[in-house]
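What you see below is based on every heavy atom in this structure, not just the backbone, and it leaves out hydrogens, waters and symmetry mates.
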Amino acid sequence: MALGMLGGCAVPAPAPAPPALVVDGLWRVDQAQQEPLLDRSQARLDFGQGGALTGHTSCNTLSGSYVLEGDRLRVGPVVTTRRACGPLAMEQEDRILTALENARTARVRPDGLLELRDGAGRGVLRGTRFP
């Protein structure tokens, strides 16, 4: 009789997991440290599937690592080439590198833009996915 009573009790299905955040791929950097970039033609970040981060600051190439767990982002040490550029390009490079250092969360907005935010929730970098 106990088995017959259990048959009428339905166990609710677990809630579906939210879709995984997908930042993998190549992004053009449009804004860093809340300022638009002067030269967006080469500024880019490539989040590789294995946690490898590569890119360009419009002055130097960069490489490092990242870990994304949910929306929590940790960017490992980033190294760059040591090419000298003009003052504006160097300032832009510094803003991109500082944004990566301060980034704590990542999200892809409904309009497709990538946003990296610091621990206080302030936007530190915004990018557009390359087609």
**Asked** About how many Å separate CZ of Arg104 and CZ of Arg74, when rounded to the nearest 0.5 Å?
**Response** 10.0 Å
**Item:** Test side chain to side chain donor-acceptor pair (under 3.5 Å) applied to Gln31 and Arg126, step by step
**Value:** CA-CA 5 Å; Gln31 183 179 18; Arg126 187 169 58 210; 2.8 Å; yes
**Prompt:** Between OG1 of Thr57 and CD of Gln92, what distance do you get to the nearest 0.5 Å?
**Reply:** 7.5 Å
**Gap separating the CE atom of Met90 from the CG atom of Asn60, nearest 0.5 angstrom** = 6.5 Å
**Atom pair CG (Leu125) and CG (Leu97), whose distance is rounded to the nearest 0.5 Å** = 10.5 Å
**Asked** With a 4.5 Å limit on heavy-atom distance, are the side chains of Leu113 and Thr128 in contact?
**Response** yes
**Prompt:** For the atom pair OG1 (Thr98) and CD (Glu93), what is the distance rounded to the nearest 0.5 Å?
**Reply:** 10.0 Å
**Message:** In the structure I gave you, are the side-chain heavy atoms of Arg107 and Asp71 within less than 4.5 Å of one another anywhere?
**Reply:** no
**Asked** Val75 versus Leu116: any side-chain heavy-atom pair under 4.5 Å?
**Response** no
**Asked** Heavy atoms, side chains only, cut-off 4.5 Å: are Val29 and Leu45 in contact?
**Response** yes
**Item:** Test item: Leu73 and Val23 side chains (from C-beta on) under 4.5 Å apart, heavy atoms
**Value:** no
**Asked** Taking all atoms of both residues into account, what is the closest heavy-atom pair of Arg95 and Ala32, and its distance?
**Response** NH1-O, 2.7 Å
**Asked** Is any side-chain heavy atom of Leu53 less than 4.5 Å from a side-chain heavy atom of Leu62?
**Response** yes
**Request:** Mind listing the closest non-hydrogen atom pair of Ala43 and Ser58 along with its distance?
**Result:** N-OG, 3.3 Å
**Request:** Mind checking the NE2-CD1 spacing from His56 to Ile96? Nearest 0.5 Å is all I need.
**Result:** 10.0 Å
**Atom of Gln33, atom of Asn102 and distance for their closest heavy-atom approach** = NE2-ND2, 4.3 Å
**Request:** With the side chain counted from C-beta on, respond yes when Leu68 and Phe47 share a heavy-atom pair under 4.5 Å apart, and no when they do not.
**Result:** no
**Message:** Please find the pair of heavy atoms, one from Arg44 and one from Phe130, that lie closest to each other, and give the distance.
**Reply:** CB-CE1, 4.0 Å
